[in-house]
> 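Here's a structure for you.
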Amino acid sequence: MSITVIEGHFNSVDGHYTLVASRFNELIVESLVKGAIDALQRCGVDSANVRLVRVPGAFEIPLAIQQIASQNRDDAIIALGAVIRGNTPHFEYVASTTSSGISQVALNHSIPVINGILTTNTIEQAMERAGTKAGNKGIEAAMCAVEMVSVLRQVET
């Protein structure tokens with residue numbers, strides 16, 4: 001018995017990609033944006049096919065990606081932001097609502113919407129995940145987008 005295996009690859013996966021990035025915690029988010037753009041370019045995505053949409057905060061990301069997804073222009077959308085725990089329950093509301101909204105858009109529009117929003121307890125943890133000790137989660141989000149585009153293209157054929 002022979003089975004078909006479909007796996008994503010990271011080369012020749014050109015297409016249109018939109019990054020939606022929050023301005024809140026801008027120092028951290030900017031590092032994620034730079035990492036994501038670099039990763040897309042290394043995978044062969046033409047920089048003319050990458051656009052960056054900035055929104056005020058992580059809470060606004062799901063609405064922006066919903067509007068972008070409804071245009072049927074992009075092969076994938078990458079959400080980038082940083083939600084850092086404070087002394088109030090605001091963190092839980094923003095993190096939960098944002099994650100749920102991102103997933104809903106992906107399923108409703110059948111497009112990869114990658115959640116590259118950091119949810120950390122401290123600013124130090126966020127900085128570590130934005131390019132120091134724990135790597136750059138913007139790079140990981142972009143690589144995930146490219147891989148999912150590859151997988152979905154193969155599934156369609």
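We use all heavy atoms of the structure for the numbers below, so side chains are in, but hydrogens, waters and symmetry mates are not.
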> Is V55 reachable from V94 through a run of I, L, V, M, F, W or Y residues, each pair having side-chain heavy atoms under 4.5 Å apart?
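V94 clusters together with V55.
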> Calculate, to the nearest 0.5 Å, the distance between atoms CG and SG belonging to N115 and C144 respectively.
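Nearest 0.5 Å value for the CG-SG distance: 10.0 Å.
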> Hey, does T18 have a side-chain heavy atom less than 4.5 Å from the side chain of L52?
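A side-chain contact is absent here, since even the closest heavy-atom pair is not under 4.5 Å.
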> Treating R129 as the side-chain partner and Q125 as the backbone partner, does any N or O pair qualify as donor plus acceptor under 3.5 Å?
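Yes; at least one donor-acceptor contact below 3.5 Å.
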> Answer yes or no: is there a side-chain heavy-atom contact under 4.5 Å between L80 and I117?
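Side chain of L80 against side chain of I117, heavy atoms only: no contact under 4.5 Å found.
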> Is S99 reaching over with its side chain to a backbone N or O of A95, donor-acceptor style, under 3.5 angstrom?
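No.
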> Taking atom CZ of F24 as the centre, report whether more than 12 heavy atoms of other residues, nucleotides or ligands fall under 6.0 Å from it.
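At most 12 heavy atoms, drawn from other residues, nucleotides or ligands, come within 6.0 Å of this atom.
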> Report whether M143 and V29 are members of the same hydrophobic cluster (ILVMFWY, side-chain heavy atoms less than 4.5 Å apart, transitive linking).
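Yes, it is one cluster - the side chains of M143 and V29 are joined through contacts under 4.5 Å.
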> Using the side chain to side chain contact (heavy atoms under 4.5 Å, CB included) definition, which of the options V113, I65, I78 pairs with V20?
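Single pass found, and it is I65.
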> Whether the Q104 and S100 side chains hold a donor-acceptor pair (N or O, under 3.5 Å, no angle test) is what I'd like checked.
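Note: Q104 and S100 side chains miss the donor-acceptor criterion.
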> Would you indicate whether the side-chain heavy atoms of V13 and C43 approach each other to under 4.5 Å?
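No; the side chains remain at least 4.5 Å from each other.
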> With no hydrogens and no angle check, do the side chains of H16 and D74 hold a donor and an acceptor under 3.5 Å apart?
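The answer is no; no qualifying pair exists.
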> Who are the side-chain contact (heavy atoms from CB on, under 4.5 Å) partners of D38, not counting sequence neighbours?
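Applying side-chain contact (heavy atoms from CB on, under 4.5 Å) to D38 gives R42.
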> Are M127 and I28 packed together at the side-chain level, in the sense that at least one heavy-atom pair is separated by less than 4.5 angstrom?
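SC-SC contact between M127 and I28 confirmed.
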> Which heavy atom of G81 sits nearest to which heavy atom of L32, and what is that distance?
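Of all heavy-atom pairs spanning G81 and L32, the closest is O-CD1, 3.6 Å.
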> Walk me through it: do R54 and E30 pass the test salt bridge (Lys or Arg N to Asp or Glu O under 4.0 Å)?
CA-CA 11 Å; R54 295 204 188 264; E30 191 57 31; 2.8 Å; yes
> Return the OG to NZ distance between S31 and K137, rounded to the nearest 0.5 Å.
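The OG atom of S31 sits 12.5 Å away from the NZ atom of K137.
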> Within the 4.5 Å heavy-atom criterion, are N136 and E140 side-chain neighbours or not?
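Sidechains of E140 and N136: no contact.
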> So how far is it from N108 CG to S70 OG, rounded to the nearest 0.5 Å?
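If I round to the nearest 0.5 Å, the distance is 11.5 Å.
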> Do V50 and I77 land in one hydrophobic cluster if side-chain heavy atoms of ILVMFWY residues count as linked below 4.5 Å?
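Different clusters.
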> Could you list the residues that satisfy side-chain contact (heavy atoms from CB on, under 4.5 Å) with I37, not counting sequence neighbours?
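Only L19, V33, Q41 meet the side-chain contact (heavy atoms from CB on, under 4.5 Å) criterion with I37.
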> Measure the OG1-CD distance between T4 and Q154 for me, rounded to the nearest 0.5 Å.
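Output value for this atom pair is 11.0 Å.
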> A quick test of your reading: do over 12 heavy atoms of other residues, nucleotides or ligands sit less than 6.0 Å from CD1 of I123?
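Open: at most 12 neighbouring heavy atoms sit under 6.0 Å from CD1 of I123.
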> Please answer whether the main-chain N or O of A64 pairs with a side-chain N or O of Q67 as donor and acceptor at a distance below 3.5 Å.
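Checking the backbone N and O of A64 against the side chain of Q67, no donor-acceptor pair under 3.5 Å is found.
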> Quick check: does any side chain N or O of D14 sit under 3.5 Å from a backbone N or O of D46, one acting as donor and the other as acceptor?
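Yes, D14 side chain to D46 backbone: donor-acceptor pair under 3.5 Å.
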> Does any part of the side chain of V149, heavy atoms only, come nearer than 4.5 Å to the side chain of Y17, both counted from C-beta?
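Counting from C-beta outward, Y17 and V149 do come under 4.5 Å.
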> T119 side chain to V83 main-chain N or O, any donor-acceptor pair under 3.5 Å?
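Not confirmed, T119 side chain does not pair with V83 backbone.
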